[in-house]
*Asks:* 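Below are the structure tokens for one structure; questions will follow.
Everything numeric here is computed off the predicted structure, so don't read it as measured data. Counting starts at 1 for both ligands and their atoms, following the listed order.
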Amino acid sequence: RKCGVVITGASSGLGLATAKALSETGQCHVIMACRNFLKAEMAAKSAGIPKENYTVMHLDLASLESVRQFVDTFRRSGMPLDVLVCNAAVYLPTAKEPSYSAEGFELSVGTNHLGHFLLARLLLDDLKKSDYPSKRLIIVGSITGNTNTLAGNVPPKANLGDLRGLVGGLNDLNSSSMIDGGEFDGAKAYKDSKVCNMLTMQEFHRRYHEETGITFASLYPGCIAETGLFRNHIPLFRTLFPPFQKYITKGYVSEEEAGKRLAQVVSDPSLTKSGVYWSWNKNSSSFENQLSKEASNADKASKLWETSEKLVGLA
Ligand code: NDP
């Protein structure tokens with residue numbers, strides 16, 4: 001049978017390119033878990049993904065109720081879950097004030113981390129049930145949260161501190177809209193959320209890999225400078241960022257190439273190692289990359305896990 005792959009945020013950018021690459025193998029059925037149903041349908045059509053290779057299902061990660069509804073709808077569909085890809089993200093670098101998810105969490109961390117945390121925790125049971133030989137749970141990371149890299153050192157740097165803002169509920173009413181308890185900064189909130197993604201992957205690995213045999217992985221697909229992620233940035237940035245990445249940092253990858261990379265992490269038989277953060281070198285060969293000190297701190301990962309459980313209503 002075909003491999004059942006759920007991809008969040010498959011209506012554009014990396015998620016769509018990955019859905020297309022997987023569809024082209026002829027061995028996968030992709031469930032596109034998207035907040036905008038019509039946009040996702042149109043994106044799949046214009047990418048030329050054959051109808052029999054995908055299903056669009058509604059998921060808004062900025063609402064925990066919607067996450068639970070998605071899990072319900074998915075289960076009722078009777079489709080198997082063999083691989084889950086947590087890919088969707090928002091990036092709000094120019095926001096002066098925080099905006100909030102349905103449950104009142106700062107939107108970047110609420111969407112990118114807390115929504116995915118609940119989704120992955122609930123769908124773990126479905127992954128366990130799958131009889132597919134290589135089951136995987138992938139959470140897309142980024143170089144920007146890794147302060148051991150040049151890109152990760154561009155201010156404002158990611159820093160979760162002692163998680164006091166998250167413990168307080170991640171809103172300015174009760175504590176702070178930032179995980180470390182500091183002043184709101186949209187670019188930092190995104191980077192912090194990516195550190196959470198990478199810590200969560202490792203904590204899943206520590207808690208569940210041996211027991212379940214599921215491969216847990218994260219990755220940095222390269223700088224895909226033309227995706228919708230930068231839609232909220234100032235126009236000058238959007239004009240200059242792609243050539244800067246192409247010719248100066250040479251970190252640029254096309255959406256198509258990045259999609260092929262994530263598709264490898266989904267289905268390549270040689271990428272089954274769990275607990276790994278994959279990157280690609282200039283020749284497009286994958287290698288196991290090092291995470292920064294904070295993004296590989298096991299105590300922080302465990303505290304993040306327990307705090308997130310409380311916020312999403314699992315504890
Ligand atoms: P895009 O903006 O093109 O794609 C993001 C996707 O997430 C869109 O499909 C968007 O939906 C979806 N999304 C946003 N909010 C929600 C929500 N509340 N519920 C459900 N879906 C939502 O960006 P990219 O493709 O660049 O980003 C994909 C991943 O790649 C992210 O995890 C990002 O951090 C990571 N990444 C990107 C890099 C880059 O250079 N672009 C570099 C490193 C990592 P909609 O279409 O409706 O807006």
*Asks:* Check whether any heavy atom of Cys223 sits under 4.0 Å from an atom of ligand 1.
*Replies:*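 In this structure, Cys223 qualifies as a contact of ligand 1 - some heavy atom is under 4.0 Å.
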*Asks:* Among all protein heavy atoms, pick out the one at the shortest distance from atom 2 (O) of ligand 1; state its residue, atom name and that distance to 0.1 Å.
*Replies:*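 Protein heavy atom at minimum distance: Arg231 NH2, 2.6 Å.
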*Asks:* What is the minimum heavy-atom distance between Met79 and Met57, and which atoms define it?
*Replies:*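 Closest pair (atom of Met79, atom of Met57, distance): CE-CE, 3.5 Å.
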*Asks:* Taking NZ, NE, NH1 and NH2 as the nitrogens, is one of them in Lys129 or Asp125 under 4.0 Å from a carboxylate oxygen of the other?
*Replies:*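 Salt bridge flag = no for Asp125 with Lys129.
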*Asks:* Does the N or O separation between Ala33 and ligand 1 drop below 3.5 Å for any pair?
*Replies:*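 Min N/O separation from ligand 1 is not below 3.5 Å for Ala33.
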*Asks:* Is the CZ atom of Phe287 crowded by more than 12 outside heavy atoms at less than 6.0 Å?
*Replies:*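 More than 12 heavy atoms, drawn from other residues, nucleotides or ligands, come within 6.0 Å of this atom.
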*Asks:* Are any of the N or O atoms of Ser12 closer than 3.5 Å to those of ligand 1?
*Replies:*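 Yes - when backbone and side-chain N and O of Ser12 are compared with those of ligand 1, one distance drops under 3.5 Å.
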*Asks:* For ligand 1, note which part of Glu255 has a heavy atom under 4.0 Å away: side chain, backbone, both or neither.
*Replies:*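 None of Glu255 does.
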*Asks:* Give me the residue, atom name and distance of the protein heavy atom closest to atom 21 (N) of ligand 1.
*Replies:*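 Here the nearest protein heavy atom works out to Ala88 CB, 3.6 Å.
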*Asks:* Val140 to ligand 1: N or O pair under 3.5 Å?
*Replies:*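 In fact, backbone or side chain, Val140 has no N or O that close.
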*Asks:* Please write down residue, atom name and distance for the protein heavy atom closest to atom 42 (C) of ligand 1.
*Replies:*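 Ranking protein heavy atoms by distance from atom 42 (C) of ligand 1, first comes Gly222 O, 3.5 Å.
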*Asks:* Just wondering, do Leu124 and Arg121 contact through their side chains at under 4.5 Å, heavy atoms?
*Replies:*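 No, their side chains stay 4.5 Å or more apart.
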*Asks:* Could an N or O of ligand 1 be found under 3.5 Å from any N or O of Lys194, whether backbone or side chain?
*Replies:*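 Right, the criterion is met.
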*Asks:* Can you say whether the rings of Phe204 and Phe117 are parallel (under 30°), tilted (30 to 60°) or perpendicular (over 60°)?
*Replies:*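 If you compare the ring of Phe204 with that of Phe117, the planes turn out tilted.
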*Asks:* Does atom CD (Glu306) have a neighbourhood of more than 12 heavy atoms from anything else shown, all under 6.0 Å?
*Replies:*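 Yes, because the 6.0 Å sphere around CD of Glu306 holds more than 12 heavy atoms from other groups.
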*Asks:* Could you tell me the residue and atom name of the protein heavy atom closest to atom 48 (O) of ligand 1, and the distance to it rounded to 0.1 Å?
*Replies:*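 The answer is Arg35 NH2, 2.8 Å.
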*Asks:* I'd like to know whether CD of Glu97 has more than 12 heavy-atom contacts from other residues, nucleotides or ligands below 6.0 angstrom.
*Replies:*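 At most 12 heavy atoms, drawn from other residues, nucleotides or ligands, come within 6.0 Å of this atom.
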*Asks:* Identify, by atom number and element, the atoms of ligand 1 in contact range of Lys39, meaning under 4.0 Å from any of its heavy atoms.
*Replies:*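 Checking each atom against Lys39, I get 45 (P), 46 (O), 48 (O).
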*Asks:* So which protein heavy atom does atom 25 (O) of ligand 1 come closest to, and at what separation?
*Replies:*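 Protein heavy atom at minimum distance: Leu14 N, 2.8 Å.
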*Asks:* Is a salt bridge present between Glu203 and Arg206, judged by a nitrogen-to-oxygen distance below 4.0 Å?
*Replies:*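 Between Arg206 and Glu203 there is a salt bridge, with a charged N closer than 4.0 Å to a carboxylate O.
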*Asks:* Are side-chain heavy atoms of Asn197 and Lys194 found at a separation under 4.5 Å?
*Replies:*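 A side-chain contact under 4.5 Å exists here.
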*Asks:* Please state which option from Gly259, Gly13, Ala89 has its nearest heavy atom closest to atom 5 (C) of ligand 1.
*Replies:*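 Of the listed residues, Ala89 has the closest heavy atom.
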*Asks:* Below 3.5 angstrom, do we get any N/O pair linking Gly228 and ligand 1?
*Replies:*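 Yes, there is a polar N/O contact under 3.5 Å.
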*Asks:* Return the residue, atom name and 0.1 Å-rounded distance of the protein heavy atom closest to atom 44 (C) of ligand 1.
*Replies:*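 Atom 44 (C) of ligand 1 sits closest to the protein heavy atom Gly141 O, 3.4 Å.
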*Asks:* So if I count the atoms of ligand 1 from 1 in the order they appear, which ones are less than 4.0 Å from some heavy atom of Ala62?
*Replies:*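 Counting from 1, the qualifying ligand atoms are 18 (N).
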*Asks:* Which residue, Lys188, Lys191, Lys300, Arg164, forms the salt bridge (charged side-chain N to carboxylate O under 4.0 Å, His left out) with Asp180?
*Replies:*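 Testing Asp180 for a salt bridge (charged side-chain N to carboxylate O under 4.0 Å, His left out) against Lys188, Lys191, Lys300, Arg164 leaves exactly one candidate, Lys188.
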*Asks:* May I ask you to check whether over 12 heavy atoms, not counting those of Lys128, lie within 6.0 Å of atom NZ?
*Replies:*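 Buried by this count: over 12 neighbours within 6.0 Å.
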*Asks:* Relative to the heavy atoms of Tyr220, which atoms of ligand 1 are at a distance of less than 4.0 Å?
*Replies:*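 Near Tyr220, the atoms of ligand 1 are 42 (C), 43 (C).
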*Asks:* So which bit of Leu59 gets within less than 4.0 Å of ligand 1, heavy atoms only: side chain, backbone, both or neither?
*Replies:*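 Only the backbone of Leu59 comes within reach of ligand 1.
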*Asks:* Which protein heavy atom lies closest to atom 28 (C) of ligand 1, and at what distance to 0.1 Å?
*Replies:*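 So the nearest neighbour among protein heavy atoms is Asn87 OD1, 3.1 Å.
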*Asks:* With the side chain counted from C-beta on, respond yes when Ser77 and Thr55 share a heavy-atom pair under 4.5 Å apart, and no when they do not.
*Replies:*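 Counting from C-beta outward, Ser77 and Thr55 never come under 4.5 Å.
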*Asks:* Among all the protein's non-hydrogen atoms, which is closest to atom 19 (N) of ligand 1, and how far away is it?
*Replies:*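 So the nearest neighbour among protein heavy atoms is Leu61 N, 2.9 Å.
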*Asks:* Relative to each other, are the rings of Trp305 and Tyr208 parallel, tilted or perpendicular (30° and 60° limits)?
*Replies:*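 Rings of Trp305 and Tyr208: tilted, 30 to 60°.
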*Asks:* Using a heavy-atom cut-off of under 4.0 Å, does the side chain or the backbone of Tyr91 touch ligand 1, or both, or neither?
*Replies:*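 For Tyr91, there is no contact with ligand 1 at all, from either part.
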*Asks:* I'd like to know if Arg136 and Asp268 make a salt bridge, using a cut-off of under 4.0 Å between side-chain N and carboxylate O.
*Replies:*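 Looking at Asp268 together with Arg136, the answer is no, because their closest N to O distance does not fall below 4.0 Å.
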*Asks:* Heavy-atom distances under 4.0 Å decide this one: backbone, side chain, both or neither, for Val90 against ligand 1?
*Replies:*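 Side chain only.
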*Asks:* Going by distance only, is there an N or O of Thr111 that falls short of 3.5 Å from an N or O of ligand 1?
*Replies:*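 No, Thr111 has no N/O under 3.5 Å of an N/O on ligand 1.
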*Asks:* Does ligand 1 come near enough to Ile224 that some N or O of the ligand is less than 3.5 Å from an N or O of the residue?
*Replies:*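 Among all N and O atoms of Ile224, at least one is under 3.5 Å from an N or O of ligand 1.
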